There are 2 protein chains.
Amino acid sequence: MAQDRLPPMLQRLWGREPAPRRGPRPRLDLVTITAAAIELADAEGLAGVSMNSVATKVGVAATALYRYIGSKDDLLMLMSDAIAADPPDPSGRPWRDYLAEWTRLQRDLVLKHSWVLQITKFAPPLGPRRLLWLDRALAALDGTGLDDGEKINVASALTGYALTDAAIVEAAGTGVQEFTEAGIESAADYGELLVELLDPERYPAASAAVRGGAFRGAEGWIHDDDFRFGLDLLLDGVEQLIARRASGSHGGG
Amino acid sequence: MAQDRLPPMLQRLWGREPAPRRGPRPRLDLVTITAAAIELADAEGLAGVSMNSVATKVGVAATALYRYIGSKDDLLMLMSDAIAADPPDPSGRPWRDYLAEWTRLQRDLVLKHSWVLQITKFAPPLGPRRLLWLDRALAALDGTGLDDGEKINVASALTGYALTDAAIVEAAGTGVQEFTEAGIESAADYGELLVELLDPERYPAASAAVRGGAFRGAEGWIHDDDFRFGLDLLLDGVEQLIARRASGSHGGG
DNA sequence: ACCTGAACACCGTTCAAGT
DNA sequence: ACCTGAACACCGTTCAAGT
């Protein structure tokens with residue numbers, strides 16, 4: 001970096017806005033603006049969030065918002081950090097138990113505001129709330145023998161999993177135009193469609209799976225089992241890694 | 001479904017456009033249009049892809065494109081299926097070896113056209129090329145004792161991992177505005193910034209990790225090790241699942 | 001039937017002018 | 001200093017008119 005001054009956006013994100021300048025008092029603040037934008041996104045999706053719609057909702061001209069944020073992208077970033085609740089307390093809980101809940105909560109959070117999926121860049125966390133989640137995951141892994149880098153990688157893999165699972169659930173639900181357009185509303189519908197589309201010669205394994213009824217799932221699209229499945233895959237992997245570390249074998253790649 | 005006629009978009013995707021109608025011969029075709037759009041996206045990012053820019057590139061008025069596609073979203077979907085190459089042949093290879101390569105190739109593919117990250121909805125695959133990748137993963141898992149549903153879940157988890165890792169690499173590289181804005185160009189920069197931002201009382205574990213040098217990684221952002229790390233976590237989990245199945249214990253959730 | 005050009009209803013962002 | 005209104009350079013999409 002070699003640059004002590006934080007960029008304005010980060011200052012805003014961390015609530016370090018400098019002392020109030022003189023002149024007329026501001027009519028708005030970032031919390032109000034961000035909350036209005038989130039409300040719009042929850043109600044109408046990200047398409048419902050324009051500078052104009054947000055400004056109207058807070059009772060101001062669109063251009064006035066540029067007194068508070070640098071660009072619409074800034075606003076999107078504020079929104080995606082703001083939706084995060086506080087993580088649960090890991091103290092005294094077994095790491096696996098805690099991280100399973102930690103991951104599920106992150107997934108549920110994203111599902112409650114599924115528009116974040118269109119924003120999130122999967123970047124390393126920069127906002128105060130996301131960093132709090134990272135902090136608690138690292139704390140939960142204390143005493144496992146993993147080093148800090150490994151702990152961070154574990155947390156990152158789990159966060160990634162939470163996001164992708166949320167994206168899958170969302171896409172299967174009502175997210176994807178092509179699906180609703182094709183009248184696909186359940187895994188069974190999807191299976192039927194694949195039966196029609198897949199040439200068994202070019203797609204032998206997938207054809208067999210589809211024709212064998214791999215997509216039954218009568219009621220809907222996604223079982224909660226599917227979330228558990230991938231999560232357990234990852235946590236089993238972590239458990240093995242911890243066991244390896246504990247047994248003293250530090251085999252590296 | 002209960003509806004035999006495929007929606008126009010799926011017909012286009014699967015090359016099942018009905019016999020040519022009469023009237024003037026079309027000047028264009030979907031392959032040409034899609035290729036032009038991909039070229040624009042590769043060169044200028046997704047922002048460079050507008051109906052106008054694509055139309056200009058293929059020598060036609062913007063509105064003429066609506067003879068070929070229903071909407072811009074259709075075009076984006078065609079683009080994201082078109083970039084997929086053919087998957088490697090799994091026959092005779094150990095499943096773990098194959099799936100490791102399969103996952104890495106998917107990640108590299110996404111990195112070569114990183115704009116797909118802004119499109120992809122992580123929906124179950126519908127395009128001919130993505131379904132081919134799924135087919136090969138299922139084939140690679142033949143003889144492991146996993147059932148079709150489990151195989152599909154494994155493939156889905158690995159694809160999700162490929163996408164999230166690509167997103168992380170991309171974000172760390174040049175993707176995220178806030179990072180470049182803050183002058184963050186390496187993991188070390190990121191670590192320095194966090195030292196300044198994190199209050200050790202509120203973020204005890206993260207502060208300790210950061211101050212302990214968890215983000216050294218002198219040269220750049222991401223080691224290839226980080227990709228291997230998460231991948232091995234998942235594959236270790238799969239291996240354990242297979243072992244459990246082989247030993248006859250069918251413990252369910 | 002394909003393609004064009006004008007038109008519609010939007011965008012995000014700038015900038016000078018008001019208070 | 002905050003806020004407004006006009007203006008700019010775009011969007012995606014529609015529709016009637018040309019061939």
Side-chain angles (χ1 to χ4, degrees), chain A residues 7-9 11-12 17-34 36-37 40-41 44-80 115 118-119 177-178 181, chain B residues 7-9 11-12 17-34 36-37 40-41 44-80 115 118-119 177-178 181:
Chain A
M9 195 53 229
Q11 289 182 41
R12 282 188 274 263
E17 202 57 37
R21 321 124 197 168
R22 49 194 156 74
R25 259 175 85 272
R27 198 140 81 201
L28 298 168
D29 58 86
L30 282 177
V31 176
T32 309
I33 295 171
T34 307
L40 281 166
E44 309 171 29
L46 215 53
V49 179
S50 68
M51 296 305 274
N52 212 309
S53 64
V54 174
T56 302
K57 200 170 174 80
V58 297
V60 104
T63 49
L65 296 180
Y66 289 90
R67 287 284 123 194
Y68 301 90
I69 55 171
S71 69
K72 191 186 178 181
D73 274 352
D74 284 0
L75 178 57
L76 295 177
M77 186 182 174
L78 289 169
M79 291 167 69
S80 74
W115 43 266
Q118 292 162 254
I119 298 177
Q177 187 193 13
E178 294 81 23
E181 218 171 64
Chain B
M9 195 53 229
Q11 289 183 41
R12 282 189 275 262
E17 202 57 36
R21 323 123 194 169
R22 48 195 158 74
R25 260 174 85 271
R27 200 138 82 198
L28 298 168
D29 58 86
L30 282 177
V31 177
T32 309
I33 296 171
T34 306
L40 280 167
E44 309 172 29
L46 215 52
V49 179
S50 69
M51 296 305 273
N52 211 308
S53 65
V54 174
T56 302
K57 200 170 175 79
V58 297
V60 103
T63 50
L65 295 181
Y66 289 91
R67 288 283 123 196
Y68 301 91
I69 54 171
S71 68
K72 190 185 178 182
D73 274 351
D74 283 359
L75 178 57
L76 294 177
M77 184 181 177
L78 289 170
M79 290 167 70
S80 73
W115 43 266
Q118 292 163 252
I119 299 177
Q177 186 193 12
E178 293 82 22
E181 217 172 64

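Quantities reported herein were computed from a predicted structural model and do not represent experimental measurements. Excluded from the calculations below are hydrogen atoms, water molecules and symmetry mates; all remaining heavy atoms, backbone and side chain alike, are included. First the proteins, then the strands, lettered A, B, ... as listed; each starts at 1.
Considering every non-hydrogen atom in both A:Ser53 and A:Gly48, the closest pair reads OG-O, 2.8 Å. In this structure, B:Ala41 and B:Met79 approach most closely via the heavy-atom pair CB-CE, 3.8 Å. Among all heavy-atom pairs drawn from A:Ala36 and A:Val58, the shortest one is CB-CG1, 3.6 Å. In terms of heavy atoms, A:Ala55 sits closest to A:Ala62 at CB-CA, 3.4 Å. Contact record, B:Val49 with B:Ala37: CG2-O, 3.7 Å, taken as the closest heavy-atom pair.
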Every protein N/O within reach of nucleotides 8-11 of chain D N/O, cut-off under 3.5 Å:
none

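Among D:dC2, C:dT13, C:dT4, the nucleotide with an atom closest to any side-chain atom of A:Tyr66 is C:dT13. In this structure, the nucleotide among D:dC3, C:dC15, C:dT4 sitting nearest to the side chain of A:Thr63 is C:dC15.
At the phosphate of D:dC3, OP1 or OP2 sits under 4.0 Å from a side-chain N or O atom of A:Tyr68. Between B:Arg27 and C:dT4 there is a side-chain N or O to OP1 or OP2 distance below 4.0 Å.
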Given Watson-Crick and G-U pairs under 3.5 Å, DNA chain D in dot-bracket ([ ] crossing, | other strand) is ||.|||||...|||||.||
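Nucleotide D:dT13 holds its P atom 15 Å from the CZ atom of B:Arg67, rounded to whole Å. If you take CG of B:Leu46 and P of D:dG12, they are 10 Å apart, rounded to a whole angstrom. Rounded to whole Å, the distance from CG on A:Leu75 to C1' on C:dT13 is 14 Å. Following rounding to the nearest Å, A:Asp73 (CG) and C:dG12 (P) show an atom-to-atom distance of 11 Å.
For the side chain to side chain contact (heavy atoms under 4.5 Å, CB included) with B:Leu75, the qualifying choice from B:Ile33, B:Leu30, B:Leu65 is B:Ile33, the only one to do so. Across B:Thr34, B:Asp73, B:Val31, a single residue satisfies side chain to side chain contact (heavy atoms under 4.5 Å, CB included) together with B:Leu78, and that is B:Thr34.
Within 4.0 Å (heavy atoms only), A:Ala61 reaches sugar-phosphate atoms of the nucleic acid but no base atom.
For A:Arg12 (side chain) and A:Tyr68 (main-chain N/O), a donor-acceptor pair under 3.5 Å exists by modelled atom type.
We find the CE-CD1 distance between B:Met9 and B:Ile69 to be 8.0 Å, quoted to the nearest 0.5 Å.
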